[in-house]
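For the numbers below, each heavy atom of this structure counts, side chains included, while hydrogens, waters and symmetry mates do not. Proteins get letters first, then strands, A, B, ... in listed order; numbering begins at 1 in each.
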There are 2 protein chains.
Amino acid sequence: MSKSAVSVSATEAVACCSPLTAEPLSAASAARIAPLLKALADPVRLRLMSLVASHQDGEACVCDLNDAFDLTQPTISHHLKVLHEVGLLDRAKRGVWVYYRVNDDALGDLASLLGGGVR
Amino acid sequence: MSKSAVSVSATEAVACCSPLTAEPLSAASAARIAPLLKALADPVRLRLMSLVASHQDGEACVCDLNDAFDLTQPTISHHLKVLHEVGLLDRAKRGVWVYYRVNDDALGDLASLLGGGVR
DNA sequence: GACAGACATCGACCTGCGTCAAGATAGACA
DNA sequence: TGTCTATCTTGACGCAGGTCGATGTCTGTC
């Protein structure tokens with residue numbers, strides 16, 4: 001699987017040479033990774049990820065997230081959808097409420113790509 | 001020209017903040033970090049970073065980078081400028097040629113933010 | 001069955017970004 | 001000094017993306 005460009009063994013990643021710096025990225029790999037970064041490259045979505053991740057039990061209800069921003073509910077819903085579509089957030093509907101949870105694997109892979117995460 | 005010192009220290013921008021999953025990110029912190037991610041959130045710039053980092057001696061000339069893409073030289077120059085302005089790439093002009101080098105601290109701090117790694 | 005609340009989707013507006021062609025700048029060399 | 005080469009800057013175009021108001025869908029309650 002070509003995903004190896006992203007999910008490189010974290011133990012091999014050293015401070016001096018992260019996967020990104022180890023060898024030239026192929027155009028295909030770059031095209032696959034860029035959307036993940038683009039999804040994170042927004043202040044609102046960055047805070048959403050952080051809010052969800054640091055929330056109790058690691059998951060947060062949309063109603064909680066709405067209150068943290070001066071934005072309308074559709075806008076928050078849109079940002080959550082973007083994060084969900086790239087795989088950074090998982091969705092779970094329980095009754096009337098919808099809960100979001102951070103996908104640690106996806107986030108970890110990105111960290112490995114940039115700097116190796118483990119130092 | 002007097003506007004050569006546009007670039008900010010990417011290290012300062014990130015170093016202030018704890019990992020994404022530890023506690024909610026402030027709006028100010030998110031606004032500082034998002035531009036860094038946005039600079040990386042482009043397939044061309046992702047490959048440029050990778051090409052520069054994995055090049056001999058860790059630095060690459062613009063002429064080398066142009067050949068790796070089906071884009072015009074001004075477009076490559078534009079992308080390099082974006083990466084330089086957020087502090088992800090360092091610039092050095094020697095004679096006619098301009099060499100770019102990856103700022104490892106900036107990349108490492110981004111990775112720490114995403115992966116929760118403590119330095 | 002009808003109503004109310006939580007969340008998603010749709011359509012529209014406006015800003016920002018990637019790209020290119022053309023011109024400008026700076027160092028090297030005769 | 002003048003010319004050549006390598007690179008950067010400017011201006012313009014088209015498209016993608018963030019935001020909002022209005023509307024739709026689903027679930028639980030009376």
Side-chain angles (χ1 to χ4, degrees), chain A residues 27 30-49 51-52 55 59-86 88-101, chain B residues 1-7 25 27 30-49 51-52 55 59-86 88-101:
Chain A
R32 208 174 43 251
I33 299 168
L36 280 177
L37 289 168
K38 182 175 290 187
L40 270 185
D42 181 281
V44 174
R45 291 199 285 268
L46 214 45
R47 289 182 62 199
L48 278 173
M49 286 289 291
L51 280 171
V52 171
H55 206 269
E59 65 180 12
C61 167
V62 176
C63 52
D64 297 329
L65 301 174
N66 275 327
D67 299 339
F69 299 86
D70 281 336
L71 297 171
T72 63
Q73 176 267 325
T75 299
I76 298 298
S77 183
H78 162 71
H79 286 303
L80 288 171
K81 182 184 177 185
V82 170
L83 289 170
H84 173 60
E85 282 181 345
V86 299
L88 285 172
L89 282 185
D90 292 330
R91 250 189 75 171
K93 185 167 187 175
R94 288 200 291 273
V96 183
W97 291 276
V98 175
Y99 294 86
Y100 282 92
R101 172 183 295 274
Chain B
M1 54 186 65
S2 56
K3 50 182 167 184
S4 56
V6 183
S7 63
L25 215 56
R32 266 197 314 275
I33 299 169
L36 280 177
L37 288 169
K38 182 173 289 186
L40 270 185
D42 181 280
V44 174
R45 291 198 287 266
L46 214 45
R47 289 183 63 201
L48 278 174
M49 286 289 291
L51 280 171
V52 171
H55 206 268
E59 64 180 12
C61 164
V62 177
C63 52
D64 297 329
L65 302 174
N66 276 327
D67 299 339
F69 300 88
D70 280 338
L71 296 171
T72 63
Q73 177 272 323
T75 298
I76 299 297
S77 182
H78 161 71
H79 286 304
L80 289 170
K81 182 183 177 184
V82 170
L83 290 169
H84 172 60
E85 283 182 347
V86 300
L88 286 171
L89 282 184
D90 291 330
R91 253 190 74 173
K93 186 166 188 176
R94 287 201 292 274
V96 183
W97 292 275
V98 175
Y99 294 88
Y100 284 91
R101 173 184 295 275

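Atom CG of Asn66(B) and atom P of dC20(C) are 11 Å apart (whole Å). Nucleotide dG18(D) holds its P atom 16 Å from the CZ atom of Arg47(A), rounded to whole Å. Between Lys38(B) atom NZ and dT15(C) atom P the separation is 15 Å, expressed in whole Å. With rounding to whole Å, His78(A) atom NE2 is found 9 Å from dG17(D) atom P. Rounded to whole Å, the distance from CG on Asp64(B) to P on dA6(D) is 12 Å. Taking atom OH of Tyr99(A) as the reference point, atom C1' of dT27(D) lies 13 Å away to the nearest angstrom. Atom CD1 of Ile76(B) and atom C1' of dT9(D) are 16 Å apart (whole Å). In this structure, Trp97(B) atom CH2 and dT5(D) atom C1' are separated by 9 Å, rounded to whole Å.
Distances from the side chain of Cys63(A) to the nucleotides dG18(C), dT5(D), dC7(C) place dC7(C) closest. Nearest to the side chain of Cys61(B), among dT7(D), dT9(D), dT9(C), sits dT7(D). When each of dA6(D), dT27(D), dT7(D) is scored by its nearest atom to the side-chain atoms of Lys93(A), the top-ranked nucleotide is dT27(D).
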For Met49(B) and Leu89(B), what are the C-alpha separation, side-chain angles and deciding distance, and is it a side chain to side chain contact (heavy atoms under 4.5 Å, CB included)?
-> CA-CA 8 Å; Met49(B) 286 289 291; Leu89(B) 282 184; 3.7 Å; yes
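At distances below 3.5 Å, at least one donor-acceptor pair connects side-chain atoms of Arg45(A) with backbone N or O atoms of Ala39(A).
The shortest distance between the side-chain N/O atoms of Arg45(A) and the OP1/OP2 oxygens of dG18(D) is below 4.0 Å. Checking the phosphate oxygens (OP1, OP2) of dG18(D), no side-chain nitrogen or oxygen of Thr75(A) falls inside 4.0 Å. Between Tyr100(B) and dC8(D) there is a side-chain polar atom (N or O) within less than 4.0 angstrom of OP1 or OP2. Contact check, Thr72(A) against dT19(D): no side-chain N or O comes under 4.0 Å of OP1 or OP2. Side-chain N/O atoms of Ser77(A) include one lying less than 4.0 angstrom from OP1 or OP2 on dA8(C).
A distance of 12.5 Å separates OG of Ser77(A) from CG of Leu71(A), quoted to the nearest 0.5 Å.
Contact annotation for Leu71(B): backbone-only contact, meaning every heavy-atom pair under 4.0 Å involves sugar-phosphate atoms and none involves a base. Using a 4.0 Å heavy-atom criterion, one finds that Arg94(A) contacts no nucleic acid atom at all.
Between the base of dA8(C) and the side chain of Gln73(A) there is a donor-acceptor pair shorter than 3.5 Å.
Residues His79(A) and Pro74(B) both approach DNA chain D. Their nearest nucleotides, taken by heavy-atom distance, put Pro74(B) toward the 5′ side.
Just one of Leu88(B), Leu36(B), Asp90(B) meets the side chain to side chain contact (heavy atoms under 4.5 Å, CB included) condition when paired with Leu83(B); it is Leu88(B).
Contact check for Tyr100(B) versus Glu59(B): no side-chain heavy atoms found under the 4.5 Å cut-off.
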